[in-house]
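Notes follow the structure.
These values consider heavy atoms only, across backbone and side chains, with no hydrogens, waters or symmetry-generated copies.
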Amino acid sequence: MENQCEENMYDHTNNLIKKGDYVIIRKENFMKVHKVGENSIFTIAKDEVDTSSIIGKPFWTTFEIVPSKKCETINTLQPVTKVETLDKLRFDSLKSGVDNRLINDNGTSQQLSKENILDLRKAGKSGKEIVQTLIENSTSFTTKTEYSQEKYIRKKGKKYFQYLTISRPTIELLQEIYYRQDFFKINSIRMDTLAQILSYSDVKSDGVHLLYDSGSLGLTAASILNRIGVNTSGYLINLYPGNEPQNTIIKAMNFPSELLNRLINISMKNFIQGKENTVNISRNESKKLELPESNTEEQSTSECHSVNIDSSEISVQENPRKRKPSINADVDMVPQKKTKICAINLLNNNKADVLIVVAKEHPLNIVESLIHLVNKSRPFVIFHTNREPLQDTYVVLKQKYRVVNLKLFTNFLRSYQVLTDRTHPDIMTNSSNGYLLTGYFTQ
């Protein structure tokens with residue numbers, strides 16, 4: 001059972017960071033997605049840091065930001081085995097004040113200048129030593145209350161404790177990062193809502209999953225691929241509006257090529273046109289498009305992704321005046337045609353096991369266009385940020401189609417800060433979470 005779980009995970013056998021990998025740089029509550037390269041540089045707190053030194057190091061390694069010997073303006077990263085803490089920075093010999101009424105914040109309480117602090121960093125002093133020096137040279141530190149002293153130490157520690165952790169990208173971390181930046185870019189999908197989409201759609205390691213996503217930076221598609229896993233027989237047909245799919249989060253997950261080959265991206269317009277053309281052609285011509293029934297589902301779909309002449313022959317049959325391309329022709333010459341045929345062949349051999357619609361527009365027309373492609377007794381999940389479009393879809397599905405267990409609902413998740421004598425809900429909680437319409441097709 002343990003070996004089976006390991007096989008279903010995407011490549012974790014090699015835990016070392018490679019050139020071209022996406023990583024998540026974490027410093028306390030700060031997180032940022034970064035692509036590693038030989039000369040890749042990222043900015044944190046106005047400091048430019050060269051990340052080429054993390055190549056070949058394991059994920060989840062902690063690094064310290066140290067000044068570079070080659071360039072004064074760019075810092076470098078040095079792996080550490082032990083991280084300094086803020087413990088014992090308050091000295092028992094130093095007294096604390098009763099209140100802060102006598103403290104005058106005029107900027108003269110710190111005797112060290114900015115240049116002196118920079119010299120300490122250039123001299124290689126650790127963050128703990130710098131904070132300790134700031135405490136010793138502060139004329140108002142002893143007059144602060146104990147709470148104010150601890151707050152001062154935490155504030156200076158965040159600034160001068162230059163430790164970073166390089167994490168492997170996960171769906172949860174990527175969702176949190178992009179939700180903090182701009183939740184509209186991922187269609188206001190929270191982590192609990194995403195978990196419900198995957199749960200109600202019953203995403204598994206096998207079968208054909210049909211997804212329409214009109215704008216979530218590839219969050220939904222990446223989550224489905226992550227659950228399908230490597231070395232399985234599951235496929236994902238990702239339909240999208242416009243000319244290009246959104247695959248930012250898919251790239252950031254560092255999925256292996258074996259899993260990405262089972263992701264079929266195709267625009268909604270080309271997919272609908274391809275289905276209409278398939279219905280209009282004769283049975284003899286349609287057999288040329290269909291793959292042999294003797295092959296298994298895995299073999300038939302893998303042929304669509306491999307470089308062969310089948311896609312070239314089909315394009316010639318549609319237009320006999322075109323010159324037949326050579327066997328070694330570049331696959332990128334017919335990407336849309338080849339992708340369309342792969343998607344149509346998948347749905348012709350076996351209908352989809354689930355329909356997931358994550359739409360910014362009204363989802364009714366989309367659902368009616370794709371509803372006949374889903375197997376009987378299989379689930380569907382429709383997500384929208386507003387309730388009214390799902391209400392319209394609910395009524396039409398009840399009247400025109402045979403569906404069971406139809407539910408329209410939303411959920412509200414609120415996090416709490418739990419501290420001693422300071423337990424309360426987070427004030428900055430975002431209430432944007434959207435609505436879900438779920439059910440099962442029976443026709």
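Atom NZ of residue Lys376 and atom OG1 of residue Thr442 lie 8.5 Å apart, to the nearest 0.5 angstrom. Atom-to-atom distance recorded for Asn386:CG and Lys360:NZ is 12.0 Å, nearest 0.5 angstrom. Distance check: Met31 CE to Tyr178 OH gives 11.5 Å after rounding to the nearest 0.5 Å. From Leu259, atom CG reaches atom CZ of Arg262 across 5.0 Å, with rounding to the nearest 0.5 Å. Taking CG of Leu397 as the start and CZ of Phe380 as the end, the distance is 5.0 Å to the nearest 0.5 Å. Atom CZ of residue Phe59 and atom OG of residue Ser167 lie 9.0 Å apart, to the nearest 0.5 angstrom.
Here the side chains of Tyr212 and Ile356 are not in contact, with every heavy-atom distance at 4.5 Å or above. At least one side-chain heavy atom of Lys27 sits under 4.5 Å from a side-chain heavy atom of Ile44. Between Leu77 and Leu164, the closest side-chain pair of non-hydrogen atoms falls below 4.5 Å. Using a 4.5 Å heavy-atom threshold, the side chains of Tyr22 and Lys251 count as touching. Contact check for Asn265 versus Asn247: no side-chain heavy atoms found under the 4.5 Å cut-off. Side-chain contact check for Ile228 versus Tyr235: every heavy-atom pair is 4.5 Å or farther apart.
A donor-acceptor pair shorter than 3.5 Å can be found between the side chains of His362 and Asp392. Side-chain contact annotation: Arg168 with Asn254, donor-acceptor N/O pair under 3.5 Å absent. Side-chain contact, Thr385 with Ser188: no donor N or O sits under 3.5 Å from an acceptor N or O. Judged purely by distance below 3.5 Å, without hydrogens or angles, the side chains of Ser214 and Glu361 pair a donor atom with an acceptor atom. No side-chain donor from either of Asn226 and Ser223 sits under 3.5 Å from a side-chain acceptor of the other.
Note: His384 and Tyr435 fail the aromatic proximity criterion, with ring centroids not under 6.0 Å apart. Taking the six-membered ring for Trp, Phe409 and Tyr200 have ring centres closer than 6.0 Å.
In this structure, Asn187 contributes its side chain and Ile189 its backbone to no donor-acceptor pair below 3.5 Å. No donor-acceptor distance shorter than 3.5 angstrom exists from the side chain of Asn270 to the backbone of Ser267, with no hydrogens or angles considered. Thr62 places no side-chain N or O within 3.5 Å of a backbone atom of Val80 that could act as its donor or acceptor partner. A side-chain donor-acceptor contact under 3.5 Å links Glu258 to the backbone of Asn231. In terms of modelled atom types and a separation under 3.5 Å, the side chain of Asp206 and the main chain of Gly234 share no donor-acceptor contact. With hydrogens and angles disregarded, no donor-acceptor distance shorter than 3.5 Å links the side chain of Thr43 to the backbone of Glu48. Using a distance-only test at 3.5 Å, with no hydrogens or angles considered, no donor-acceptor pair links the side chain of Ser199 to the main chain of Gln196.
None of Val230, Leu236, Val203 except one satisfies the side chain to side chain contact (heavy atoms under 4.5 Å, CB included) rule with Leu225; the exception is Leu236. Considering Leu239, Ile237, Leu211, Asn365 as possible partners of Leu370, the one that fulfils the side chain to side chain contact (heavy atoms under 4.5 Å, CB included) test is Leu239.
Atom CD of Gln417 is surrounded by more than 12 heavy atoms from other residues, nucleotides or ligands within 6.0 Å. Environment of CD in Glu172: sparse, with no more than 12 heavy atoms of neighbouring residues, nucleotides or ligands closer than 6.0 Å. Heavy atoms from other residues, nucleotides or ligands lying under 6.0 Å from NZ of Lys32 number more than 12.
Nearest heavy atoms, Ile366 versus Ala359: CD1-CB, 4.4 Å. Leu174 and Pro169 get closest at one heavy-atom pair: CD1-CB, 4.3 Å. For Thr232 against Ser205, the heavy-atom pair with the smallest separation is CB-O, 3.1 Å. Nearest approach of Ile249 to Ala222, heavy atoms of both residues: CG2-CB, 3.9 Å. Here the closest heavy-atom approach between residue Val374 and residue Pro379 is recorded as CG1-O, 4.5 Å. The minimum heavy-atom distance linking Ile54 with Val36 is given by the pair CD1-CG2, 3.8 Å.
Relative orientation of the His34 and Phe42 rings is tilted, given thresholds of 30° and 60° on the angle between their planes. Relative ring orientation between Tyr163 and Phe161 is described as perpendicular, the plane-to-plane angle rising above 60° on a 0-90° scale split at 30° and 60°.
Remark: Ser201 engages no residue in a side chain to side chain donor-acceptor pair (under 3.5 Å) (not counting sequence neighbours).
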- Query: Taking it one step at a time, do Tyr401 and Phe441 satisfy ring pair (Phe, Tyr, Trp, His ring centres under 6.0 Å)?
  - Reply: CA-CA 8 Å; Tyr401 301 95; Phe441 295 122; 7.6 Å; no

- Message: Using the rule given for side chain to side chain donor-acceptor pair (under 3.5 Å), can you reason through Asp213 versus Ser216, listing the C-alpha separation, both sets of side-chain angles and the distance that settles it, and then say yes or no?
- Response: CA-CA 7 Å; Asp213 189 353; Ser216 64; 2.5 Å; yes

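Ion pair Asp202/Arg378 flagged as a salt bridge, since at least one NZ, NE, NH1 or NH2 atom sits closer than 4.0 Å to an Asp/Glu carboxylate oxygen. Between Asp182 and Lys185, no side-chain nitrogen of the basic residue sits less than 4.0 Å from a carboxylate oxygen of the acidic one, so the salt-bridge criterion is not met.
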